[in-house]
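First comes the structure, then the notes that go with it.
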Amino acid sequence: VIRLYVAGPLAEGAKVALRPDQVHYLRAVMRCGTGDDCLAFNGVDGEWRCRMAFEGRAAGALVAVASERAQTRGADLDLIISIVKRPRLETIVEKAAELGAARVRLAVTERSQPGRPNLARLSAIAAEAAEQTGRLDIPQVLPAATLAATLAGLGERPLMFCDEAGEAAPALAALGRAGGGAWAILIGPEGGFAPAERAAVRALPGALPVSLGPRILRADTAAIAALTLWQAALGDWRGP
Ligand code: SAM
């Protein structure tokens, strides 16, 4: 079934304009026409079965027919990822969407990849992954910020600090002793954290240094593993 993330409100009879790229996808790629159905969600009004209405070559809209699923909120979970090279960063954003992160924060660290990632492209990847994975919202990809600024914004939020270089508890055991609620996960860059960065993170009241096993994982592998462990220990992989 086709699922689309749309910008407008969804309610019975509501008409939501489609972006030109969405019209192209439905008409040219999926060979749909006026009167065909799809599902739509906007992160607020749940998921609606909608009818397509195309106007001319490049314009179109969805008309909401019936509510399929009420809106639910996923975990209040931030993935803080130190900026790595584009292909791996795009994989991380896509997997963060599938694994239920609410936000992806891009951190600039001493050894992170220079340059600014393309936010529009990463947001589109997040939306597409959310459509495919059946989420009722899309993860927000936030603009790059320094590690210090990102950590300052955490407040009391517990932080699963994936630290391959320092004393750290096995992740599953550590999470099993922790409480649920709002959390953040921190993954370092390909060159790892600088000693001063590691010390600053460990000084945070909510920091929980964890090990992801005896092998050094690539940043994308580490992000996937950390999100999986968190969801299994504290999130929606524990069952309804
Ligand atoms: N510092 C290592 C180096 O320079 O090769 C590797 C850094 S690793 C590629 C990127 C990030 O993944 C690390 O900073 C850490 O957050 C996470 N990570 C990788 N392996 C890990 C492990 N075994 N335990 C905990 N975190 C790990």
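Residue numbers start at 1 and run along the sequence shown. Values reported hereafter were calculated over all heavy atoms of this structure, with side chains retained and with hydrogens, waters and symmetry mates removed. First listed ligand is number 1; within each ligand, the first listed atom is number 1.
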(request) Without swapping roles, check the side chain of Thr150 against the backbone of Thr146 for a donor-acceptor pair under 3.5 Å. (result) yes
(request) Spell out, as yes or no, whether a donor-acceptor pair under 3.5 Å connects the side chain of Asp76 to the backbone of Ala182. (result) no
Hey, what polar pairs (N/O, under 3.5 Å) does ligand 1 make with protein?
| unit_1 | atom_1 | unit_2 | atom_2 | d |
| --- | --- | --- | --- | --- |
| ligand 1 | 1 (N) | Glu164 | OE2 | 2.6 |
| ligand 1 | 4 (O) | Glu190 | O | 3.4 |
| ligand 1 | 4 (O) | Gly191 | O | 3.4 |
| ligand 1 | 14 (O) | Glu164 | OE1 | 3.3 |
| ligand 1 | 14 (O) | Gly188 | N | 3.3 |
| ligand 1 | 16 (O) | Cys162 | O | 2.7 |
| ligand 1 | 16 (O) | Gly188 | N | 2.9 |
| ligand 1 | 20 (N) | Leu217 | N | 2.9 |
| ligand 1 | 23 (N) | Gly213 | O | 2.9 |
| ligand 1 | 23 (N) | Arg215 | O | 2.8 |
| ligand 1 | 24 (N) | Leu212 | N | 2.8 |

(message) Test your reading of the model: is there a side-chain donor-acceptor pair from Ser211 to the backbone of Gly213, 3.5 Å cut-off?
(response) yes
(request) Enter the distance from Arg202:CZ to Glu167:CD here, rounded to the nearest 0.5 Å. (result) 7.5 Å
(message) Any side-chain to backbone donor/acceptor pair from Asn42 onto Val44? Under 3.5 Å, distance only.
(response) yes
(message) A cation-pi test, strictly: NZ or CZ of Arg27 under 6.0 Å from the centre of the six-membered ring of Phe54 and no more than 45 degrees from its axis. Yes or no?
(response) yes
